[in-house]
Amino acid sequence: MEQLIYNLLSYINNSLEKDINHSIATSLLEHIDQIHDYSLEMVAEVCNVAPSTINRFCKRIGFKNFSHLRKSVSFNVDPSTGLETDVVLNTKAFETQLNENLAVIDNIVDEQMNHIIDCIHHANKIVILGFEKHQVQALELQKKLFLLGKYCECHTNLFKQINTLSDLTEEDLIITISIEGNILAEDFAVIQKIQASLGKKLLITFSKETAHSKFFNDVLRCGNMNNKAVSNYTLLRLFDVLEDKYRQKMDKPKLV
């Protein structure tokens, strides 16, 4: 559900005018806890548009159609409220999970890290894709790479993210952050764009799913799936390590 909420908010935040699509996005947010029970016809009636207009809007925000949008709502939903549940950790559990993830980062082999650094260094153009709650971390990675002399595109607008992928060449690099690997699900049109892109592809994730290698040239696993509640902090640590190793390898001084 989180990705849908981010997509809808992103559309509203970036709309230049309050057109029919803005109205649909607003209506879907107002009924977010009921979408998993709606048919295409029901949601069209709620939004006061034709069913075909709903499907066109779903494609516009990154889904194949309304059926795929509705399926995305079912992840981690509390049946009593229809809303996604968040895990709140006590201090001890937080420290335990974070330390386990930090151990995964520490055990990333130098060969893989050096290869990724080389890909970043030699890339002509870099696009960073951050989804759901990790868009802020994607911006942090963009800042760190900029300070290392590598300008990256990192749009918080999903539609701009998707459009950017069409212009890449084999000399470019896509860095995708998807902790659970949900972005690889067929419900999201962005994976088709990633596949079709000519750029080299790096996935940063917690998932052990070997199928990811079909879509990406490199998969950097930086944590355990059971510890996804501390994924935000884990990514920040990973980017600190990546920045430090990049400086050492390229012998770049730190900007004051």
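Under the 4.5 Å side-chain heavy-atom criterion for ILVMFWY residues, a single connected hydrophobic cluster contains both Ile61 and Ile5. Under the 4.5 Å side-chain heavy-atom criterion for ILVMFWY residues, a single connected hydrophobic cluster contains both Leu173 and Met250. Hydrophobic clustering of Ile, Leu, Val, Met, Phe, Trp and Tyr side chains at less than 4.5 Å, counting indirect connections, unites Met42 with Ile35. Criterion: ILVMFWY side-chain heavy atoms under 4.5 Å apart, direct or through other members. Under it, Ile117 and Leu235 are part of a common hydrophobic cluster. Tracing side-chain contacts under 4.5 Å through hydrophobic residues (I, L, V, M, F, W, Y), one reaches Phe63 starting from Ile20; they form part of the same cluster.
Shown here is Glu209, whose CD atom has more than 12 heavy atoms of other residues, nucleotides or ligands within 6.0 Å. Enclosure of atom CG in Asn99 by more than 12 non-hydrogen atoms of other residues, nucleotides or ligands within 6.0 angstrom is indicated. Environment of CD in Gln195: crowded, with over 12 heavy atoms of neighbouring residues, nucleotides or ligands closer than 6.0 Å. Crowding of Phe94 atom CZ: a count of heavy atoms from other residues, nucleotides or ligands under 6.0 Å exceeding 12.
With a 4.5 Å cut-off on side-chain heavy atoms, Glu17 and His22 do not count as touching. When side chains are defined from C-beta on, Leu145 does not count as touching Tyr151, because their heavy atoms never get closer than 4.5 Å. Using a 4.5 Å heavy-atom threshold, the side chains of Ile174 and Thr164 count as separate. Using a 4.5 Å heavy-atom threshold, the side chains of Asn227 and Thr96 count as separate. Counting heavy atoms from C-beta on, the side chains of Gln135 and Leu139 never come closer than 4.5 Å. Side-chain atoms of Asn224 and Phe206, non-hydrogen and from C-beta on, never get closer than 4.5 Å to each other.
Panel note: side chain Ser27, backbone Ser23; a donor-acceptor pair is recorded below 3.5 Å. Of the possible donor and acceptor atoms, one in the side chain of Thr205 sits under 3.5 Å from a partner among the backbone N and O of Ile179. Side-chain N or O atoms of Thr53 include none that pairs as donor or acceptor with a backbone N or O of Val49 at under 3.5 Å. Proximity of a side-chain donor or acceptor of Asp172 to a complementary backbone N or O of Leu168 within less than 3.5 Å is not detected. The backbone N or O of Gly199 lies less than 3.5 Å from no partner atom in the side chain of Glu170, so there is not a single donor-acceptor pair. Judged by distance alone, the side chain of Ser231 and the main-chain N or O of Lys228 form a donor-acceptor pair under 3.5 Å.
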Practice task
Carefully, step by step, assess Phe216 and Leu202 under the rule side chain to side chain contact (heavy atoms under 4.5 Å, CB included).
Solution key: CA-CA 6 Å; Phe216 296 90; Leu202 165 65; 5.8 Å; no
Practice task
Report the C-alpha separation of Ile24 and Leu8 in whole Å, then their side-chain angles, then the decisive distance to 0.1 Å, and conclude whether the side chain to side chain contact (heavy atoms under 4.5 Å, CB included) test is met.
Solution key: CA-CA 9 Å; Ile24 293 173; Leu8 293 173; over 6 Å; no
Practice task
I would like to know whether Asn65 and Leu40 meet side chain to side chain contact (heavy atoms under 4.5 Å, CB included); could you show each step before the answer?
Solution key: CA-CA 9 Å; Asn65 51 40; Leu40 174 61; over 6 Å; no
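Considering only residues two or more places apart in sequence or on other chains, Ser52 meets the side-chain contact (heavy atoms from CB on, under 4.5 Å) condition with Ala50, Arg56. Legend: residues meeting side-chain contact (heavy atoms from CB on, under 4.5 Å) with Val241, ordered by chain and number and at least two apart, are Ile105, Met113, Arg237, Lys245. Applying the side-chain hydrogen bond (donor to acceptor under 3.5 Å, both in side chains) criterion to Asp218, with sequence neighbours excluded, gives His115. For Gln112, the side-chain contact (heavy atoms from CB on, under 4.5 Å) test picks out Ile108, Val109, Ile116, Leu220, with sequence neighbours left out. Evaluation of the salt bridge (Lys or Arg N to Asp or Glu O under 4.0 Å) rule for Asp244 yields no partner, not counting sequence neighbours. Partners of Thr234 under the side-chain hydrogen bond (donor to acceptor under 3.5 Å, both in side chains) rule, at least two apart in sequence or in another chain, are Asn101. Partners of Ala93 by side-chain contact (heavy atoms from CB on, under 4.5 Å), not counting sequence neighbours, listed by chain and number: Leu89, Asn90. Annotation: side-chain hydrogen bond (donor to acceptor under 3.5 Å, both in side chains) contacts of Ser178 (sequence neighbours excluded): none. For Lys150, there are no salt bridge (Lys or Arg N to Asp or Glu O under 4.0 Å) partners at least two apart in sequence or on another chain. In terms of the side-chain hydrogen bond (donor to acceptor under 3.5 Å, both in side chains) criterion, residue partners of Asp240 (sequence neighbours excluded) are, by chain and number, Lys144.
Salt bridge present: Glu140 and Lys143 bring a charged side-chain N and a carboxylate O closer than 4.0 Å. Ionic pairing of Lys249 and Asp118 is present here: one or more N-O contacts between side-chain nitrogen and carboxylate oxygen are shorter than 4.0 angstrom.
Taken from CG in Asn226 to CD in Gln97, the straight-line distance is 7.5 Å, to the nearest 0.5 Å. One distance of note links CG of Leu203 with NZ of Lys201; it measures 12.0 Å at 0.5 Å rounding. With rounding to the nearest 0.5 Å, the separation of CG in Leu141 from CG in Leu238 is 8.5 Å. Distance check, rounded to the nearest 0.5 Å: CD1 of Ile175 to SG of Cys154 gives 9.5 Å. If you take CE on Met225 and OG on Ser207, they are separated by 5.5 Å, rounding to the nearest 0.5 Å. Interatomic distance, NE2 of His134 versus CD1 of Ile177, reported as 8.0 Å (0.5 Å rounding).
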Do any side-chain atoms of residues 122-130 form donor-acceptor pairs under 3.5 angstrom with protein atoms, and if so which ones, sequence neighbours left out?
from   : atom 1 : to     : atom 2 : distance (Å)
Lys125 : NZ     : Glu153 : OE2    : 3.2

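When all heavy atoms are compared, the tightest approach of Ile204 to Cys222 is CG2-SG, 3.9 Å. Residues Leu98 and Tyr233 approach most closely at CD1-CB, 4.0 Å, considering heavy atoms. Nearest heavy atoms, Arg70 versus Ser39: NH1-CA, 3.6 Å. Ala44 and Ile54 get closest at one heavy-atom pair: CA-CG1, 3.8 Å. The heavy-atom pair separating Asn55 from Phe66 by the smallest distance is OD1-N, 2.9 Å. Summarising the geometry of Cys47 relative to Leu28, their closest heavy-atom pair is SG-CD2, 4.3 Å, with the distance given to 0.1 Å.
Within the structure, every pair that satisfies the ring pair (Phe, Tyr, Trp, His ring centres under 6.0 Å) test and touches residues 37-62, not counting sequence neighbours, is listed here: Tyr11-Phe57.
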